[in-house]
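The structure under discussion appears below in the form of structure tokens.
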Amino acid sequence: MIEYSSPNTNKPLHLGHIRNNLLGFSVARILEACGHEVIKVNLVNDRGIHICKSMVAWQKWGENKTPEDLGVKGDKLVGDFYVKFDQQYKAQIAELMKEGMTEEEAKNKAPLIEEAREMLRKWENRDASVLELWEKMNQWVYDGFDVTYKTLGIEFDKIYYESETYKKGKSIVLDSLEKGLLIKKEDNSVWADLTNDKLDEKILLRSDGTSVYMTQDLGTAVQRFEEYDIDQHVYVVGNEQDYHFKVLSLILQKMGYQWASQLFHLSYGMVELPSGKMKSREGTVVDADDLVETMIQTAADVSTESGKLSGLDKTEIETINKMVALGALKYFMLKVDPKKNMLFNPAESIDFNGNTGPFIQYTHARIRSLLRKAGVENSLPAFDDTLELAQKELELIKTMAQLPEVIDEAGKNMNPGSIANYLYDLVKVFNQFYHEHSVVNEPDESKRNLRLNLSHQTGKIIKHGMWLLGIDVPERM
RNA sequence: GGUCCCGUAGCUCAACUGGAUAGAGCAACAGCCUUCUAAGCUGUAGGUUCCAGGUUCGAGUCCUGGCGGGAUCACCA
């Protein structure tokens, strides 16, 4: 089982989520190619104080307008009200501090935050009107996310909601407490003692009995191992949560779950901007939808300029532009070793030349064009395998032969980058071969047949390799 | 401060987990389109692999100590 994406429902998806989604989806395909049965899951964080903030703000200032009324995506609308809440909340804090409160007091006493807390309490008590609002706004967000997932080509086999799993966590914590595996403090809060593992104590239930983040993750893990017969669980989550997952696994071991050692945190680095880390509060976030849209526009500009798609009908052109744009974006993010932080420069956007997705897609389009021209798309001619090979032909064959090993390695390390870089090498060798030797125009028929077969085979590997990265390849571009 | 991750060409990244002369792309410069797609191909230039020790026949890779960058150490998620 592999979990990725795991969004909060109070803000739209951004560049960081893109890396997460692409990584998770690609690793899932690679593991499948390595012979594993893979279940792709998403865990939606749909409850908590942050969602209540958006709800409060929308109630106050939303004028009952739906995403449809305003013509915006639902996740954007909810995100806007989250920001609105934060702004007004800050204003209230400033006001209260002017009246003499300390910052901490003001943060606690601001009317807005009290309203949000009140809403959370009502939610936990199943208050009908709050639940209705919560369901309505969450649905807006899901509709918005679905659009983004669809353009990115990301899919899941199952979606978990924290609102449905958080109680499980509480009950297993109480069980373990009864067995004496956890400790209860005077104020009734429940803790795991990890001091033997050189870590601190970790809270699992607040003094009022409510659960924290860790509690929910304990619950969902147990639930999944009960529901499915899984031998490994992969969490695709940023490296800022390294500590969290270390602790998660330790606590589960402490609770006596045999499978606790089968949890694997696929920890990936942050996506940084030239200005540093993305901060939603400072408005330096690169929005996922906006980014894809810009990329598609760039791809359209490039293809219009080259004139290579002229003559095709409009929808076909749009399909290819989108394919190329996403190819550029996905390849850009996946060729880098997951554990490393990476830099994204919006000003320079993403290249279409060199070690890029479009270069590989282009080579595929070229190969398909060759086969079309030769009229052998469906039936390849037989070839003589005793022919003496030219140097580039031999090199090409050798590179193709590495494929199984490369996939195996990518699976072992859960690193799509190995495949990306391999494809680049392969494509480079093919282009050299293509440049040095005629294929369709080769007069010697036995050589021509051999080269057609080599080209066809290279095309197949490119297509398959790119598929493992979640990237489509065009027939022409 | 404790813990974890990272540091390779001006920039973005590789280097099969310890092997031979550290490789690509971008940017720069010089070439190649009346012949299968120039989103391509060829060449030039660019390196004390952060520093200092150590282990080894052999270190970008392993160990120790520094320096620099990032993350994390909540009754937030």
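Each chain gets a letter, A, B and so on, in the order the sequences are listed, and its residues count up from 1. Everything quoted here is computed from the prediction, not taken from an experiment.
Geometrically, A:R476 does not engage A:Y362 in a cation-pi contact, judged by NZ or CZ lying under 6.0 Å from the ring centre and within 45° of the ring axis. Taking the ring centre of A:Y166 as origin, the terminal cationic atom of A:R47 falls inside the region bounded by 6.0 Å and 45° from the ring axis. A cation-pi arrangement is present between A:K185 and A:W191, with the terminal nitrogen or guanidinium carbon under 6.0 Å from the aromatic centre and inside a 45° cone about the axis.
Nucleic acid contact for A:V406: none, since no nucleic acid atom lies under 4.0 Å from a heavy atom of the residue. Residue A:H437 is in base contact, counting any heavy-atom pair closer than 4.0 Å across all strands shown. Residue A:Y434 is in base contact, counting any heavy-atom pair closer than 4.0 Å across all strands shown. A:D200 comes within 4.0 angstrom of sugar-phosphate atoms only, judged by non-hydrogen atoms across all strands, and of no base. Counting any heavy atom pair closer than 4.0 Å across all strands shown, A:I203 reaches a base atom. Nucleic acid contact class of A:E436 (heavy atoms, under 4.0 Å, all strands): none. Here A:N413 lies in heavy-atom contact (under 4.0 Å) with a base. Residue contacts for A:A365: at a heavy-atom cut-off of 4.0 Å it reaches a base atom on one of the strands shown. Residue A:N441 is in base contact, counting any heavy-atom pair closer than 4.0 Å across all strands shown. Nucleic acid contact class of A:M477 (heavy atoms, under 4.0 Å, all strands): base. In this structure, A:F352 reaches the bases: a heavy-atom distance under 4.0 Å links it to at least one base atom across the strands shown. Using a 4.0 Å heavy-atom cutoff across all strands shown, A:V336 reaches sugar-phosphate atoms only and no base atom.
The 12-atom threshold is exceeded at CD of A:E240, counting heavy atoms of other residues, nucleotides or ligands nearer than 6.0 Å. Other residues, nucleotides and ligands contribute only 12 or fewer heavy atoms inside 6.0 Å of the NZ atom of A:K463.
As the counterpart of B:A28, B:U44 is assigned, both hydrogen-bonding distances of the Watson-Crick or G-U wobble pattern falling under 3.5 Å. The pairing partner recorded for B:U72 is B:G2, the criterion being a Watson-Crick or G-U wobble arrangement whose two distances lie under 3.5 angstrom.
Separating the P atom of B:U61 from that of B:A52 is a span of 13 Å, rounded to the nearest Å. For the C1' atoms, the distance from B:A9 to B:C5 is 24 Å, rounded to whole Å.
Mapping A:S438 and A:R206 onto RNA chain B via the closest heavy atom, the residue that lands nearer the 5' end is A:S438. Residue order along RNA chain B, read from the 5' end via each residue's closest nucleotide, puts A:L343 first among A:H244 and A:L343.
Taking the syn range as angles within 90° of 0, the glycosidic angle of B:U44 is outside it, so the base is anti. Annotated as syn: B:C33, whose O4'-C1'-N torsion sits within 90° of 0.
Not a single donor-acceptor contact under 3.5 angstrom links the side-chain atoms of A:S369 to the base of B:C36.
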